[in-house]
**Student:** 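Quick one: this structure, given as C-alpha coordinates, is what I'll be asking you about.
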Amino acid sequence: MTATKGLEGIVAATSSISSIHDGVLAYRGINIDDLAERASFEETAYLLWYGKLPTQTQLAFLQQQLSDFAAIPEPLLAQLKLFPSDANTMAVLRTAVSALALYDENANDISRESNQIKAIKLQAQIPTIIAAFARIREGKEPLAPLKNVSIAHNFLYMMTGEEPDVVAVKALDQALVLHADHELNASTFSARVTIATLSDIYSGITAAIGTLKGPLHGGANEAVMKMLSEIGSLDNVEPYILNKIANREKIMGFGHRVYKNGDPRAKHLQKMSRQLGLLKGDSTLFEMSARIEELVTGQKGLRPNVDFYSASVYTMLGIPSDLFTPIFAISRLSGWSAHILEQLDDNRIIRPRAEYTGLINQKYIPIDLR
Ligand code: ACO
(Lines give C-alpha, C1' and ligand atoms only; values in the text may rest on other atoms or scores of the structure.)
Protein backbone atom coordinates (compact mmCIF):
# COMPACT_ATOMS: atom_id res chain seq x y z
CA MET A 1 0.00 0.00 0.00
CA THR A 2 1.45 3.34 -1.07
CA ALA A 3 -0.04 6.61 0.12
CA THR A 4 -0.66 9.56 -2.19
CA LYS A 5 0.18 12.72 -0.28
CA GLY A 6 -2.83 15.01 -0.05
CA LEU A 7 -4.86 12.38 -1.99
CA GLU A 8 -3.80 14.17 -5.18
CA GLY A 9 -5.50 12.69 -8.21
CA ILE A 10 -7.48 10.17 -6.14
CA VAL A 11 -11.11 9.84 -7.21
CA ALA A 12 -12.88 9.28 -3.90
CA ALA A 13 -16.57 9.56 -4.80
CA THR A 14 -19.01 9.72 -7.66
CA SER A 15 -21.05 12.89 -7.83
CA SER A 16 -23.48 14.58 -10.20
CA ILE A 17 -23.40 17.97 -8.46
CA SER A 18 -20.44 19.85 -9.90
CA SER A 19 -17.66 19.00 -12.31
CA ILE A 20 -14.26 20.35 -13.30
CA HIS A 21 -13.17 19.39 -16.80
CA ASP A 22 -10.50 21.14 -18.87
CA GLY A 23 -10.52 24.06 -16.47
CA VAL A 24 -14.30 24.52 -16.76
CA LEU A 25 -16.38 24.41 -13.59
CA ALA A 26 -20.04 23.47 -14.04
CA TYR A 27 -22.87 23.01 -11.55
CA ARG A 28 -25.20 20.21 -12.69
CA GLY A 29 -23.69 20.59 -16.16
CA ILE A 30 -24.19 24.37 -16.41
CA ASN A 31 -21.01 26.39 -16.91
CA ILE A 32 -20.26 28.60 -13.92
CA ASP A 33 -19.69 31.53 -16.33
CA ASP A 34 -23.31 31.31 -17.39
CA LEU A 35 -24.58 31.05 -13.82
CA ALA A 36 -22.37 33.89 -12.57
CA GLU A 37 -23.75 36.24 -15.21
CA ARG A 38 -27.40 35.19 -15.08
CA ALA A 39 -28.46 33.21 -12.02
CA SER A 40 -29.22 34.39 -8.50
CA PHE A 41 -27.69 32.58 -5.54
CA GLU A 42 -31.10 31.21 -4.57
CA GLU A 43 -31.56 29.72 -8.06
CA THR A 44 -28.07 28.25 -7.81
CA ALA A 45 -28.76 26.66 -4.42
CA TYR A 46 -31.98 25.17 -5.81
CA LEU A 47 -30.03 23.80 -8.76
CA LEU A 48 -27.47 22.16 -6.47
CA TRP A 49 -30.09 20.65 -4.17
CA TYR A 50 -32.72 19.53 -6.66
CA GLY A 51 -30.62 18.92 -9.79
CA LYS A 52 -32.42 21.40 -12.04
CA LEU A 53 -33.12 25.11 -12.26
CA PRO A 54 -36.33 26.19 -10.49
CA THR A 55 -39.46 27.45 -12.19
CA GLN A 56 -40.80 30.83 -11.02
CA THR A 57 -43.15 29.06 -8.60
CA GLN A 58 -40.45 26.78 -7.21
CA LEU A 59 -38.08 29.71 -6.73
CA ALA A 60 -40.77 31.79 -5.02
CA PHE A 61 -41.50 28.88 -2.67
CA LEU A 62 -37.81 28.47 -1.82
CA GLN A 63 -37.48 32.23 -1.21
CA GLN A 64 -40.48 32.05 1.10
CA GLN A 65 -38.94 29.14 3.03
CA LEU A 66 -35.62 30.99 3.33
CA SER A 67 -37.48 34.02 4.69
CA ASP A 68 -39.52 31.93 7.12
CA PHE A 69 -36.46 30.12 8.50
CA ALA A 70 -34.01 33.04 8.75
CA ALA A 71 -34.50 33.89 12.43
CA ILE A 72 -32.30 31.98 14.87
CA PRO A 73 -33.44 30.51 18.22
CA GLU A 74 -33.43 33.05 21.09
CA PRO A 75 -31.14 30.91 23.31
CA LEU A 76 -28.57 30.84 20.51
CA LEU A 77 -28.76 34.60 20.18
CA ALA A 78 -28.20 34.82 23.93
CA GLN A 79 -25.16 32.53 23.61
CA LEU A 80 -23.67 34.70 20.84
CA LYS A 81 -23.80 37.60 23.30
CA LEU A 82 -21.68 35.59 25.75
CA PHE A 83 -18.89 34.83 23.29
CA PRO A 84 -15.70 36.92 23.57
CA SER A 85 -16.01 39.92 21.25
CA ASP A 86 -12.60 39.12 19.74
CA ALA A 87 -13.49 35.48 19.05
CA ASN A 88 -12.45 34.03 15.71
CA THR A 89 -15.49 34.40 13.47
CA MET A 90 -15.18 30.93 11.95
CA ALA A 91 -14.94 29.44 15.45
CA VAL A 92 -18.12 31.36 16.34
CA LEU A 93 -19.89 30.06 13.24
CA ARG A 94 -18.68 26.49 13.83
CA THR A 95 -19.90 26.58 17.44
CA ALA A 96 -23.21 28.26 16.59
CA VAL A 97 -24.05 25.79 13.81
CA SER A 98 -23.26 22.92 16.14
CA ALA A 99 -25.52 24.54 18.76
CA LEU A 100 -28.39 24.91 16.26
CA ALA A 101 -28.79 21.14 16.44
CA LEU A 102 -29.77 21.48 20.10
CA TYR A 103 -32.82 23.53 19.15
CA ASP A 104 -33.99 21.33 16.27
CA GLU A 105 -36.13 18.40 17.37
CA ASN A 106 -35.48 16.77 13.98
CA ALA A 107 -31.69 17.16 14.18
CA ASN A 108 -31.05 13.42 14.15
CA ASP A 109 -33.54 12.52 11.43
CA ILE A 110 -31.37 11.73 8.41
CA SER A 111 -34.16 11.04 5.94
CA ARG A 112 -33.85 12.93 2.64
CA GLU A 113 -37.02 14.93 3.33
CA SER A 114 -35.82 16.06 6.75
CA ASN A 115 -32.26 16.81 5.57
CA GLN A 116 -33.57 18.83 2.63
CA ILE A 117 -35.58 21.05 4.97
CA LYS A 118 -32.61 21.37 7.33
CA ALA A 119 -30.37 22.38 4.41
CA ILE A 120 -32.78 25.24 3.61
CA LYS A 121 -32.98 26.15 7.30
CA LEU A 122 -29.18 26.28 7.62
CA GLN A 123 -28.95 28.28 4.41
CA ALA A 124 -31.32 30.82 5.93
CA GLN A 125 -29.84 30.85 9.45
CA ILE A 126 -26.09 30.97 8.80
CA PRO A 127 -26.19 34.55 7.41
CA THR A 128 -28.25 35.60 10.44
CA ILE A 129 -25.69 34.09 12.84
CA ILE A 130 -22.75 35.83 11.17
CA ALA A 131 -24.47 39.21 10.92
CA ALA A 132 -25.70 38.96 14.52
CA PHE A 133 -22.21 38.27 15.86
CA ALA A 134 -20.77 41.08 13.72
CA ARG A 135 -23.12 43.52 15.46
CA ILE A 136 -22.92 42.04 18.96
CA ARG A 137 -19.13 42.34 19.05
CA GLU A 138 -19.51 46.05 18.27
CA GLY A 139 -21.94 46.47 21.16
CA LYS A 140 -24.97 46.72 18.83
CA GLU A 141 -28.22 44.80 18.98
CA PRO A 142 -28.61 42.09 16.33
CA LEU A 143 -31.28 42.81 13.73
CA ALA A 144 -34.17 40.58 12.77
CA PRO A 145 -33.93 39.36 9.18
CA LEU A 146 -35.99 41.18 6.56
CA LYS A 147 -38.79 39.32 4.81
CA ASN A 148 -38.79 38.61 1.09
CA VAL A 149 -35.34 39.85 0.15
CA SER A 150 -32.40 37.86 -1.18
CA ILE A 151 -29.78 36.29 1.08
CA ALA A 152 -27.19 38.80 -0.15
CA HIS A 153 -29.52 41.72 0.57
CA ASN A 154 -30.51 40.38 3.98
CA PHE A 155 -26.94 39.71 5.04
CA LEU A 156 -25.74 43.22 4.15
CA TYR A 157 -28.78 44.73 5.87
CA MET A 158 -28.41 42.63 9.04
CA MET A 159 -24.71 43.47 9.24
CA THR A 160 -25.00 47.24 8.76
CA GLY A 161 -28.58 48.10 9.69
CA GLU A 162 -28.87 50.01 6.43
CA GLU A 163 -30.60 49.22 3.17
CA PRO A 164 -27.76 47.98 0.97
CA ASP A 165 -27.28 49.52 -2.47
CA VAL A 166 -28.19 47.54 -5.57
CA VAL A 167 -24.59 47.24 -6.78
CA ALA A 168 -23.42 45.78 -3.47
CA VAL A 169 -26.28 43.26 -3.40
CA LYS A 170 -25.56 42.20 -6.99
CA ALA A 171 -21.81 41.84 -6.33
CA LEU A 172 -22.31 39.77 -3.18
CA ASP A 173 -24.97 37.64 -4.86
CA GLN A 174 -22.58 36.90 -7.74
CA ALA A 175 -19.78 36.04 -5.32
CA LEU A 176 -22.14 33.61 -3.55
CA VAL A 177 -22.96 31.93 -6.88
CA LEU A 178 -19.24 31.54 -7.63
CA HIS A 179 -18.43 29.93 -4.27
CA ALA A 180 -21.46 27.61 -4.04
CA ASP A 181 -19.88 24.28 -4.93
CA HIS A 182 -16.58 22.89 -6.08
CA GLU A 183 -16.54 19.15 -6.50
CA LEU A 184 -14.62 17.26 -3.81
CA ASN A 185 -12.84 20.21 -2.17
CA ALA A 186 -11.49 19.69 1.36
CA SER A 187 -14.51 20.97 3.32
CA THR A 188 -17.01 19.08 1.15
CA PHE A 189 -14.97 15.93 1.64
CA SER A 190 -15.14 16.52 5.42
CA ALA A 191 -18.91 16.87 5.23
CA ARG A 192 -19.20 13.65 3.23
CA VAL A 193 -16.87 11.71 5.56
CA THR A 194 -18.90 12.82 8.58
CA ILE A 195 -22.34 12.09 7.15
CA ALA A 196 -21.17 8.74 5.74
CA THR A 197 -21.01 7.42 9.31
CA LEU A 198 -24.77 8.16 9.42
CA SER A 199 -24.18 11.10 11.72
CA ASP A 200 -26.48 14.14 11.33
CA ILE A 201 -26.39 17.12 8.93
CA TYR A 202 -25.36 19.55 11.71
CA SER A 203 -22.30 17.42 12.45
CA GLY A 204 -21.46 17.30 8.73
CA ILE A 205 -21.75 21.07 8.32
CA THR A 206 -19.86 21.74 11.56
CA ALA A 207 -16.99 19.55 10.31
CA ALA A 208 -17.06 21.34 6.95
CA ILE A 209 -16.90 24.78 8.59
CA GLY A 210 -13.89 23.68 10.63
CA THR A 211 -12.19 22.53 7.44
CA LEU A 212 -13.04 25.66 5.46
CA LYS A 213 -11.48 27.80 8.20
CA GLY A 214 -7.91 26.86 7.34
CA PRO A 215 -5.82 29.35 5.31
CA LEU A 216 -4.97 26.74 2.67
CA HIS A 217 -8.71 26.52 1.92
CA GLY A 218 -11.43 29.12 2.62
CA GLY A 219 -9.33 31.06 5.11
CA ALA A 220 -7.14 32.25 2.24
CA ASN A 221 -9.46 35.17 1.39
CA GLU A 222 -8.88 36.76 4.80
CA ALA A 223 -5.15 36.03 4.49
CA VAL A 224 -5.11 37.85 1.12
CA MET A 225 -6.58 40.94 2.75
CA LYS A 226 -4.00 40.74 5.52
CA MET A 227 -1.32 40.69 2.83
CA LEU A 228 -2.86 43.67 0.99
CA SER A 229 -2.96 45.60 4.28
CA GLU A 230 0.66 44.74 5.04
CA ILE A 231 1.70 45.88 1.56
CA GLY A 232 -0.20 49.12 2.09
CA SER A 233 0.51 50.86 -1.24
CA LEU A 234 0.96 50.17 -4.93
CA ASP A 235 4.63 51.18 -4.69
CA ASN A 236 5.29 48.56 -2.06
CA VAL A 237 3.80 45.65 -4.03
CA GLU A 238 6.93 44.79 -5.98
CA PRO A 239 9.48 44.73 -3.12
CA TYR A 240 7.04 42.89 -0.86
CA ILE A 241 6.14 40.18 -3.37
CA LEU A 242 9.69 39.74 -4.70
CA ASN A 243 10.88 39.31 -1.14
CA LYS A 244 8.23 36.65 -0.48
CA ILE A 245 9.19 34.83 -3.66
CA ALA A 246 12.91 35.01 -2.81
CA ASN A 247 12.16 33.55 0.64
CA ARG A 248 10.01 30.81 -0.93
CA GLU A 249 7.04 31.95 1.15
CA LYS A 250 3.45 31.13 0.20
CA ILE A 251 1.50 33.89 -1.47
CA MET A 252 -2.09 33.56 -0.42
CA GLY A 253 -4.81 33.44 -3.05
CA PHE A 254 -2.55 31.76 -5.60
CA GLY A 255 -2.28 28.18 -6.77
CA HIS A 256 -4.78 25.38 -6.79
CA ARG A 257 -4.70 21.61 -6.55
CA VAL A 258 -6.94 21.12 -9.57
CA TYR A 259 -6.50 24.22 -11.74
CA LYS A 260 -3.03 24.69 -13.11
CA ASN A 261 -4.07 27.13 -15.86
CA GLY A 262 -6.26 29.41 -13.82
CA ASP A 263 -9.34 29.18 -11.65
CA PRO A 264 -12.42 29.95 -13.80
CA ARG A 265 -14.04 31.79 -10.89
CA ALA A 266 -11.19 34.25 -10.46
CA LYS A 267 -11.86 36.23 -13.65
CA HIS A 268 -15.38 37.12 -12.49
CA LEU A 269 -14.10 38.37 -9.15
CA GLN A 270 -11.31 40.26 -10.89
CA LYS A 271 -13.89 42.01 -13.11
CA MET A 272 -16.02 42.78 -10.06
CA SER A 273 -13.03 44.19 -8.22
CA ARG A 274 -12.18 46.47 -11.17
CA GLN A 275 -15.79 47.66 -11.50
CA LEU A 276 -16.22 48.32 -7.77
CA GLY A 277 -12.97 50.30 -7.74
CA LEU A 278 -14.20 52.48 -10.61
CA LEU A 279 -17.58 52.94 -8.97
CA LYS A 280 -16.06 53.95 -5.65
CA GLY A 281 -13.54 56.23 -7.34
CA ASP A 282 -10.71 54.38 -5.59
CA SER A 283 -9.08 51.53 -7.47
CA THR A 284 -6.08 51.15 -5.16
CA LEU A 285 -6.97 47.66 -3.95
CA PHE A 286 -7.75 46.46 -7.47
CA GLU A 287 -4.53 47.92 -8.86
CA MET A 288 -2.46 46.41 -6.05
CA SER A 289 -4.11 43.04 -6.64
CA ALA A 290 -3.56 43.22 -10.40
CA ARG A 291 0.12 44.07 -9.87
CA ILE A 292 0.51 41.14 -7.42
CA GLU A 293 -1.04 38.85 -10.02
CA GLU A 294 1.34 40.13 -12.71
CA LEU A 295 4.36 39.46 -10.50
CA VAL A 296 3.30 36.08 -9.07
CA THR A 297 2.13 34.72 -12.42
CA GLY A 298 5.17 36.13 -14.20
CA GLN A 299 7.73 34.85 -11.71
CA LYS A 300 6.15 31.65 -10.37
CA GLY A 301 3.64 30.67 -13.04
CA LEU A 302 0.95 30.56 -10.33
CA ARG A 303 -2.50 31.93 -11.13
CA PRO A 304 -4.99 33.56 -8.73
CA ASN A 305 -7.68 31.34 -7.24
CA VAL A 306 -11.22 32.24 -6.13
CA ASP A 307 -9.94 33.75 -2.88
CA PHE A 308 -7.59 36.31 -4.40
CA TYR A 309 -9.87 38.97 -5.88
CA SER A 310 -12.70 38.22 -3.46
CA ALA A 311 -10.60 39.95 -0.76
CA SER A 312 -10.63 43.31 -2.55
CA VAL A 313 -14.27 42.86 -3.61
CA TYR A 314 -15.51 42.22 -0.07
CA THR A 315 -13.42 45.07 1.34
CA MET A 316 -14.89 47.46 -1.22
CA LEU A 317 -18.34 46.26 -0.13
CA GLY A 318 -17.48 47.45 3.39
CA ILE A 319 -17.19 43.95 4.86
CA PRO A 320 -14.59 43.39 7.65
CA SER A 321 -11.90 40.91 6.60
CA ASP A 322 -12.70 38.36 9.29
CA LEU A 323 -16.17 37.95 7.80
CA PHE A 324 -14.81 36.89 4.39
CA THR A 325 -14.47 33.20 5.24
CA PRO A 326 -17.86 33.10 7.02
CA ILE A 327 -19.36 34.57 3.80
CA PHE A 328 -17.68 31.75 1.89
CA ALA A 329 -19.48 29.39 4.30
CA ILE A 330 -22.85 31.06 3.57
CA SER A 331 -22.38 30.18 -0.06
CA ARG A 332 -20.72 26.76 0.31
CA LEU A 333 -23.47 25.61 2.67
CA SER A 334 -25.53 25.00 -0.47
CA GLY A 335 -22.84 22.72 -1.92
CA TRP A 336 -22.03 20.97 1.37
CA SER A 337 -25.66 20.12 1.98
CA ALA A 338 -26.22 18.96 -1.62
CA HIS A 339 -23.24 16.60 -1.15
CA ILE A 340 -24.63 15.38 2.17
CA LEU A 341 -27.93 14.51 0.47
CA GLU A 342 -26.08 12.81 -2.38
CA GLN A 343 -23.81 10.84 -0.05
CA LEU A 344 -26.78 9.49 1.91
CA ASP A 345 -28.62 8.51 -1.29
CA ASP A 346 -25.99 5.83 -1.91
CA ASN A 347 -24.00 5.63 1.27
CA ARG A 348 -20.99 3.61 2.28
CA ILE A 349 -18.75 4.58 5.19
CA ILE A 350 -15.59 6.38 3.99
CA ARG A 351 -12.66 4.55 5.50
CA PRO A 352 -9.40 4.61 3.55
CA ARG A 353 -6.14 2.97 4.65
CA ALA A 354 -2.80 4.45 5.74
CA GLU A 355 0.63 3.38 4.59
CA TYR A 356 2.40 2.47 7.82
CA THR A 357 5.87 4.03 8.16
CA GLY A 358 6.53 3.42 11.87
CA LEU A 359 8.61 0.90 13.79
CA ILE A 360 7.79 -2.81 13.67
CA ASN A 361 8.32 -5.81 15.96
CA GLN A 362 8.90 -3.68 19.06
CA LYS A 363 8.65 -5.28 22.49
CA TYR A 364 6.69 -3.82 25.38
CA ILE A 365 9.12 -2.49 28.01
CA PRO A 366 7.72 -2.34 31.55
CA ILE A 367 7.55 1.23 32.86
CA ASP A 368 10.21 0.73 35.57
CA LEU A 369 12.73 -0.43 32.94
CA ARG A 370 12.28 2.52 30.51
N1 ACO B 1 2.62 30.56 -3.15
C2 ACO B 1 3.86 30.08 -3.36
N3 ACO B 1 4.10 28.85 -3.84
C4 ACO B 1 3.06 28.06 -4.08
C5 ACO B 1 1.74 28.48 -3.89
C6 ACO B 1 1.54 29.80 -3.39
N7 ACO B 1 0.32 30.27 -3.17
N8 ACO B 1 0.90 27.50 -4.23
C9 ACO B 1 1.65 26.48 -4.63
N10 ACO B 1 2.96 26.81 -4.53
C11 ACO B 1 4.08 25.99 -4.87
C12 ACO B 1 4.19 24.83 -3.91
O13 ACO B 1 4.95 25.20 -2.76
C14 ACO B 1 4.88 23.81 -4.74
O15 ACO B 1 6.26 24.14 -4.82
P16 ACO B 1 7.39 23.00 -4.74
O17 ACO B 1 7.07 22.08 -5.88
O18 ACO B 1 8.64 23.76 -4.89
O19 ACO B 1 7.21 22.37 -3.40
C20 ACO B 1 4.28 24.02 -6.11
O21 ACO B 1 3.84 25.38 -6.12
C22 ACO B 1 3.14 23.12 -6.46
O23 ACO B 1 2.16 23.19 -5.46
P24 ACO B 1 0.92 22.21 -5.55
O25 ACO B 1 1.38 20.80 -5.37
O26 ACO B 1 0.19 22.53 -6.78
O27 ACO B 1 0.06 22.65 -4.31
P28 ACO B 1 -1.08 21.82 -3.58
O29 ACO B 1 -2.02 21.22 -4.56
O30 ACO B 1 -0.50 20.87 -2.59
O31 ACO B 1 -1.79 22.98 -2.75
C32 ACO B 1 -2.92 25.01 -2.44
C33 ACO B 1 -2.78 23.77 -3.32
C34 ACO B 1 -3.13 24.58 -1.00
C35 ACO B 1 -4.15 25.77 -2.89
C36 ACO B 1 -1.65 25.85 -2.60
O37 ACO B 1 -1.56 26.32 -3.91
C38 ACO B 1 -1.63 27.02 -1.61
O39 ACO B 1 -1.22 26.85 -0.46
N40 ACO B 1 -2.09 28.25 -2.04
C41 ACO B 1 -2.17 29.37 -1.13
C42 ACO B 1 -3.39 29.24 -0.24
C43 ACO B 1 -4.67 29.49 -1.00
O44 ACO B 1 -4.79 30.45 -1.75
N45 ACO B 1 -5.65 28.61 -0.78
C46 ACO B 1 -6.96 28.73 -1.39
C47 ACO B 1 -7.18 27.69 -2.44
S48 ACO B 1 -8.76 27.85 -3.21
C49 ACO B 1 -9.83 27.28 -2.04
O50 ACO B 1 -9.56 26.39 -1.28
C51 ACO B 1 -11.10 27.92 -1.93
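Values below: every heavy atom of this structure, side chains too, minus hydrogens, waters and symmetry copies. What you see is a predicted model; the values in this text were computed from it and never measured. Ligands are counted one by one from 1 in listed order, and the atoms in each one are counted from 1 as well.
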**Student:** Which residue and non-hydrogen atom of the protein lie closest to atom 27 (O) of ligand 1, and at what distance in Å?
**Tutor:** K260 NZ, 4.7 Å
**Student:** Which one holds for L216 and ligand 1: side chain close, backbone close, both close, or neither close, with close meaning a heavy atom under 4.0 Å?
**Tutor:** both
**Student:** What part of F328 sits under 4.0 Å from ligand 1 if we count only heavy atoms: the side chain, the backbone, both or neither?
**Tutor:** side chain
**Student:** Could you list the atoms of ligand 1 found under 4.0 angstrom from a heavy atom of G253?
**Tutor:** 43 (C), 44 (O)
**Student:** Contact between ligand 1 and P215 is defined here as a heavy atom of the residue under 4.0 Å from a ligand atom; is it met?
**Tutor:** yes
**Student:** Can you report which non-hydrogen protein atom sits closest to atom 35 (C) of ligand 1, along with the distance?
**Tutor:** G255 O, 3.8 Å
**Student:** So which protein heavy atom does atom 33 (C) of ligand 1 come closest to, and at what separation?
**Tutor:** R257 N, 3.8 Å
**Student:** Which of the numbered atoms in ligand 1 are under 4.0 angstrom from any heavy atom belonging to V306?
**Tutor:** 51 (C)
**Student:** Could you pull out all residues at least two apart from D345 that satisfy salt bridge (charged side-chain N to carboxylate O under 4.0 Å, His left out)?
**Tutor:** R112
**Student:** CG of D346: more than 12 outside heavy atoms within 6.0 angstrom?
**Tutor:** no
**Student:** Which atoms of ligand 1 sit under 4.0 Å from any heavy atom of R248?
**Tutor:** 18 (O)
**Student:** Closest non-hydrogen protein atom to atom 41 (C) of ligand 1, residue and atom name please, with distance?
**Tutor:** F254 O, 3.3 Å
**Student:** Quick check on contacts: which atoms of ligand 1 are under 4.0 angstrom from a heavy atom of A220?
**Tutor:** 43 (C), 44 (O), 45 (N), 46 (C)
**Student:** In the protein, which heavy atom is nearest to atom 50 (O) of ligand 1, and how far is it?
**Tutor:** H217 ND1, 2.8 Å
**Student:** Which of the numbered atoms in ligand 1 are below 4.0 angstrom from a heavy atom of D307?
**Tutor:** 46 (C), 48 (S), 49 (C), 51 (C)
**Student:** Would you verify that at least one protein heavy atom lies under 4.0 Å from atom 23 (O) of ligand 1, or report that none does?
**Tutor:** no
**Student:** Who's the nearest protein heavy-atom neighbour of atom 12 (C) of ligand 1, and how far?
**Tutor:** K250 CE, 4.9 Å
**Student:** Short list, please: which atoms of ligand 1 are under 4.0 Å from a heavy atom of E249?
**Tutor:** 2 (C)
**Student:** Tell me the protein heavy atom at minimum distance from atom 7 (N) of ligand 1, and give that distance in Å.
**Tutor:** I251 O, 2.7 Å
**Student:** Can you report which non-hydrogen protein atom sits closest to atom 9 (C) of ligand 1, along with the distance?
**Tutor:** L302 CD2, 4.0 Å
**Student:** Does E163 have any side chain to side chain donor-acceptor pair (under 3.5 Å) partners at least two apart in sequence or in another chain, and if so, which?
**Tutor:** H153
**Student:** Please find out if less than 6.0 Å separates the ring center of H182 from that of H256.
**Tutor:** yes
**Student:** Check this for me: does any side-chain nitrogen of one of R291 and E287 sit under 4.0 Å from a carboxylate oxygen of the other?
**Tutor:** no
